[in-house]
Amino acid sequence: MSVTIDGPDFVALQVRDVQAAATFCEQHLGLRRAAVSPPHAVVFDTKPTPFAVRELLPGIDLADTARPGLGVVLWFRASDIHQLHDRLTTAGVRILTPMTGSPFGPMFSFEGPEGYTLTAHGG
């Protein structure tokens with residue numbers, strides 16, 4: 001019997017300030033905290049894959065990193081992509097790529113907690 005992997009089962013961003021990153025996700029993205037999180041992280045009740053912000057792992061230092069997560073593309077599905085875009089713009093969140101079409105519907109990228117590039121799409 002061979003081993004298979006179904007796909008990502010959990011996604012977390014390592015951040016210096018867990019509470020500030022969690023607040024960003026709650027206020028700007030509308031994410032809701034899961035009922036239980038470990039002491040070093042805030043897990044959100046996202047479906048199908050849980051998402052979290054967590055303390056830095058030992059040996060990780062983001063102080064000299066201008067763009068954490070460079071090379072990783074993290075997409076979030078939004079029920080109303082245009083409303084999300086408007087909400088982020090009004091809140092002063094930096095939009096990194098303008099709204100455009102994609103195979104997954106309209107999409108745009110924005111600066112998330114601590115400089116991570118996040119992408120949202122609707123469709």
Side-chain angles (χ1 to χ4, degrees):
M1 177 179 184
S2 64
V3 175
T4 62
I5 294 178
D6 293 328
D9 193 39
F10 185 78
V11 175
L13 298 179
Q14 294 182 63
V15 295
R16 293 177 291 257
D17 187 336
V18 172
Q19 291 310 315
T23 298
F24 178 95
C25 293
E26 290 171 314
Q27 288 181 352
H28 298 300
L29 307 181
L31 299 183
R32 292 179 314 276
R33 293 180 188 224
V36 177
S37 291
H40 61 276
V42 172
V43 178
F44 296 98
D45 186 21
T46 54
K47 305 270 189 283
T49 304
F51 171 74
V53 290
R54 60 153 297 136
E55 291 177 358
L56 301 173
L57 291 168
I60 301 296
D61 180 8
L62 296 179
D64 294 329
T65 303
R67 292 185 53 205
L70 187 61
V72 174
V73 181
L74 183 58
W75 288 51
F76 290 87
R77 182 177 45 243
S79 59
D80 187 328
I81 191 69
H82 298 285
Q83 182 180 2
L84 176 62
H85 183 276
D86 292 347
R87 182 169 69 203
L88 293 175
T89 301
T90 299
V93 173
R94 189 169 157 223
I95 304 300
L96 302 172
T97 58
M99 186 79 69
T100 187
S102 81
F104 308 106
M107 57 79 65
F108 69 96
S109 295
F110 59 96
E111 188 174 281
E114 300 193 13
Y116 281 96
T117 297
L118 304 178
T119 299
H121 73 96

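Sequential numbering from 1 along the given sequence is applied to the chain's residues. Because the structure is predicted, anything quoted here is derived from the model rather than measured.
In this structure, Val36 shares a hydrophobic cluster with no other residue, the cluster being traced through Ile, Leu, Val, Met, Phe, Trp and Tyr side chains under 4.5 angstrom apart. Through side-chain heavy atoms spaced under 4.5 Å, either directly or across other Ile, Leu, Val, Met, Phe, Trp or Tyr residues, Ile5 is tied to no other residue. Applying the 4.5 Å side-chain rule to ILVMFWY residues, one finds Val43 in the same cluster as Phe10.
Hydrophobic clustering, with ILVMFWY side chains joined whenever heavy atoms are under 4.5 angstrom apart, keeps Leu88 apart from Trp75. One hydrophobic cluster holds both Leu13 and Ile60 under the rule that ILVMFWY side chains link at heavy-atom gaps under 4.5 Å. Under the 4.5 Å side-chain heavy-atom criterion for Ile, Leu, Val, Met, Phe, Trp and Tyr, Met107 and Val73 are members of the same hydrophobic cluster.
Distance check: Ser102 OG to Ile81 CD1 gives 9.0 Å after rounding to the nearest 0.5 Å.
With Glu114 contributing its side chain and Asp17 its backbone, the two residues share a donor-acceptor pair below 3.5 Å. At distances below 3.5 Å, at least one donor-acceptor pair connects side-chain atoms of Arg16 with backbone N or O atoms of Leu62. At least one donor-acceptor pair closer than 3.5 Å links the side chain of His121 to the backbone N or O of Phe104. At distances below 3.5 Å, at least one donor-acceptor pair connects side-chain atoms of Tyr116 with backbone N or O atoms of Gln14. Checking side-chain atoms of Thr97 against main-chain N and O of Ser109 turns up a donor-acceptor pair under 3.5 Å.
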(request) Verify side-chain contact (heavy atoms from CB on, under 4.5 Å) between Val93 and Phe24, making sure each step is shown before the conclusion. (result) CA-CA 10 Å; Val93 173; Phe24 178 95; 4.0 Å; yes
(request) May I have the step-by-step check of side-chain contact (heavy atoms from CB on, under 4.5 Å) for Leu84 and Phe76, ending in yes or no? (result) CA-CA 11 Å; Leu84 176 62; Phe76 290 87; over 6 Å; no
(message) side-chain contact (heavy atoms from CB on, under 4.5 Å) for Leu74 and Thr119? Distances and angles first, verdict last.
(response) CA-CA 6 Å; Leu74 183 58; Thr119 299; over 6 Å; no
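Minimum heavy-atom separation, Ser37 to Ala41: CB-O, 3.4 Å. Across Pro113 and Leu118, no two heavy atoms sit closer than the pair CD-CD1, 4.0 Å.
Under the side-chain contact (heavy atoms from CB on, under 4.5 Å) criterion, Thr89 pairs with His85, Ile95, not counting sequence neighbours.
More than 12 non-hydrogen atoms from other residues, nucleotides or ligands lie less than 6.0 angstrom from CG of Asp80.
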Would you list the atom pairs, donor with acceptor, under 3.5 Å between side chains in residues 49-58 and any protein atom, with sequence neighbours excluded?
residue	atom	partner	partner atom	Å
Arg54	NH1	His40	NE2	3.4

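Residue pairs meeting the side chain to side chain donor-acceptor pair (under 3.5 Å) criterion with at least one member in residues 20-30, sequence neighbours excluded, are Glu26-Arg33.
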